[in-house]
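This report concerns only the one structure given below.
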Amino acid sequence: MSLLHHVTQGPRALATDNLVALTANPNEVHPLKPYKSLEADELNARITAVRQELGDRLMILGHHYQQDQVIEHADLRGDSYLLSESAAASKTCETIVFCGVHFMAETADILANRPDKLAERNGRRVTVILPDMAAGCSMADMAGIKQVEAAWADMAEVIDTERVIPVTYINSAASLKAFCGRHGGIVCTSSNAAAVMEWAYERGDRVFFFPDQHLGRNTALTMGITEEQMPVWDPYEMDLGGNSEQALQDSKVILWKGHCSVHQMFRAEHVHQFRKQYPGIKILVHPECPREVNDLADVSGSTGKILRTVEQSPPGTKWAIGTELHLVNRLKAEHPEQEIHFLSPVVCMCATMYRIDLPHLCWTLENLRDGAIVNQIHVDDETTKWSLIALERMLAVK
Ligand code: 13P
Ligand code: SF4
């Protein structure tokens with residue numbers, strides 16, 4: 001199995017529909033149920049058998065936040081950026097099983113089935129499967145397309161939206177990516193946010209950044225933009241997202257009031273405590289952390305950058321890492337020559353990523369082998385067309 005650090009989700013309405021469907025008839029036993037009572041050894045053997053049988057027609061992608069027992073079955077693992085690139089590059093595979101969250105599988109569906117790729121395969125589509133449809137992203141759910149469209153229309157009353165470039169973090173539903181495609185905007189990930197913002201300022205005066213206020217703020221601060229130039233748009237405030245006309249007119253970035261429930265848990269006092277208790281310790285965080293944590297950190301970056309930073313550090317280096325627990329625990333196990341701590345006394349794990357487990361993986365794979373596609377993520381043509389424009393702009397930014 002390749003453990004290359006390559007690799008990398010859709011509308012939550014789908015996830016909810018699926019849940020409703022699963023529970024609609026209380027007397028019906030869901031076909032997943034028998035898998036839930038199997039031992040890990042048996043599940044591993046059965047997953048391995050399907051992987052061997054399907055060979056390179058199957059690609060299992062795993063995000064760094066997946067639990068170890070799932071990541072062990074991934075052909076490629078990585079951060080969102082690398083995962084979307086590898087989905088785009090897939091040549092031989094017929095099916096991608098995405099061990100990540102819904103927006104990642106959506107992105108894979110869009111990129112793996114873009115027109116040039118379809119032409120190379122004589123029109124054959126790559127099927128994308130998300131082992132558990134309830135594996136969503138709470139941050140992505142904080143910005144609905146109707147809310148974003150309403151905000152865009154409201155801000156047009158006081159600023160010229162022709163000069164506003166919408167930038168959506170990849171952690172968003174495909175409909176938001178499509179919004180950006182339609183309005184001259186772009187997608188970013190945590191590894192290219194600054195370059196994407198620069199791209200945006202070459203084309204407009206302001207950025208409308210959603211759904212993560214922290215990534216937007218932390219990135220803009222590195223570009224010399226001040227907090228005063230970054231009003232926060234609260235979709236639940238009736239009047240201009242809770243901002244004055246002047247604040248919007250003076251803005252450089254309009255930040256959506258969204259956040260990651262996992263990274264929101266890291267606090268400045270955790271940084272201070274670690275520095276006091278372990279002199280010389282370095283603080284390494286994901287830019288979804290709040291500003292006060294990001295500012296105090298020695299290094300901030302995507303999950304891929306966090307991994308590379310530890311891999312490239314000399315033995316004896318002490319780290320307190322502020323990102324999802326499974327990734328930090330894996331780094332601890334893989335780098336016993338370094339001293340790695342989790343930057344919070346509270347367990348911060350991504351509960352939705354954690355929904356992908358061996359029973360779901362085995363169930364979807366065995367169905368696939370038997371010719372039944374369960375939990376397919378398929379973005380509709382119109383949304384695909386416009387999201388692809390925004391995603392291709394991102395992939396072209398270096
Ligand atoms: P990366 O883009 O760094 O992989 O992060 C994805 C994510 O969901 C972080 O919470
Ligand atoms: Fe979404 Fe946060 Fe989970 Fe990342 S860690 S997938 S942003 S909820």
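Counting starts at 1 for both ligands and their atoms, in listed order. This is a predicted model, so every value here is computed, not measured.
- Within the model, atoms NE2 of His259 and CD of Glu288 stand 10.5 Å from one another, a figure rounded to the nearest 0.5 Å.
- Listed by number with element, the atoms of ligand 1 under 4.0 Å from a non-hydrogen atom of Ser302 are 3 (O).
- A 4.5 Å side-chain heavy-atom check between Ile356 and Met353 finds every atom pair outside the cut-off.
- When heavy-atom distances to ligand 1 are checked against a 4.0 Å cut-off, His286 comes that close only through its side chain, counted from C-beta outward.
- The aromatic rings of His263 and Phe266 sit tilted relative to each other, their planes meeting at an angle between 30° and 60°.
- Ligand 1 lies within reach of His263, whose nearest heavy atom is under 4.0 Å from it.
- Close approach of ligand 1 to Thr303 is summarised as follows: ligand atoms under 4.0 Å from at least one heavy atom of the residue are 1 (P), 3 (O), 4 (O).
- Not a single heavy atom of Thr189 lies less than 4.0 angstrom from ligand 1.
- The option with the heavy atom closest to atom 8 (O) of ligand 1, from among Asn171, Val262, Ile306, is Asn171.
- Within the 2.8 Å limit, Cys137 places no N, O or S atom next to atom 3 (Fe) of ligand 2.
- A heavy-atom separation below 4.0 Å is found between His63 and ligand 1.
- Salt-bridge annotation for Arg330 and Glu334: absent, with no side-chain N of the basic residue lying under 4.0 Å from a carboxylate O of the acidic one.
- The shell of residues lying under 4.0 angstrom from ligand 1, judged by heavy atoms, includes Ser190.
- Using the six-membered ring where Trp is involved, Phe179 and His183 have ring planes that are tilted, between 30° and 60° apart.
- Contact of the Asp154 side chain with the Trp233 side chain is registered, since non-hydrogen atoms from C-beta on lie closer than 4.5 Å.
- Not a single N, O or S atom of His263, from either the backbone or the side chain, sits less than 2.8 Å from atom 2 (Fe) of ligand 2.
- Nearest heavy atoms, Phe209 versus Asp212: CE2-O, 3.3 Å.
- Residue Glu288 has at least one nitrogen or oxygen atom sitting less than 3.5 Å from a nitrogen or oxygen atom of ligand 1, judged on distance alone.
- No path of Ile, Leu, Val, Met, Phe, Trp and Tyr side chains, each step under 4.5 Å between heavy atoms, connects Met155 with Val253, placing them in separate hydrophobic clusters.
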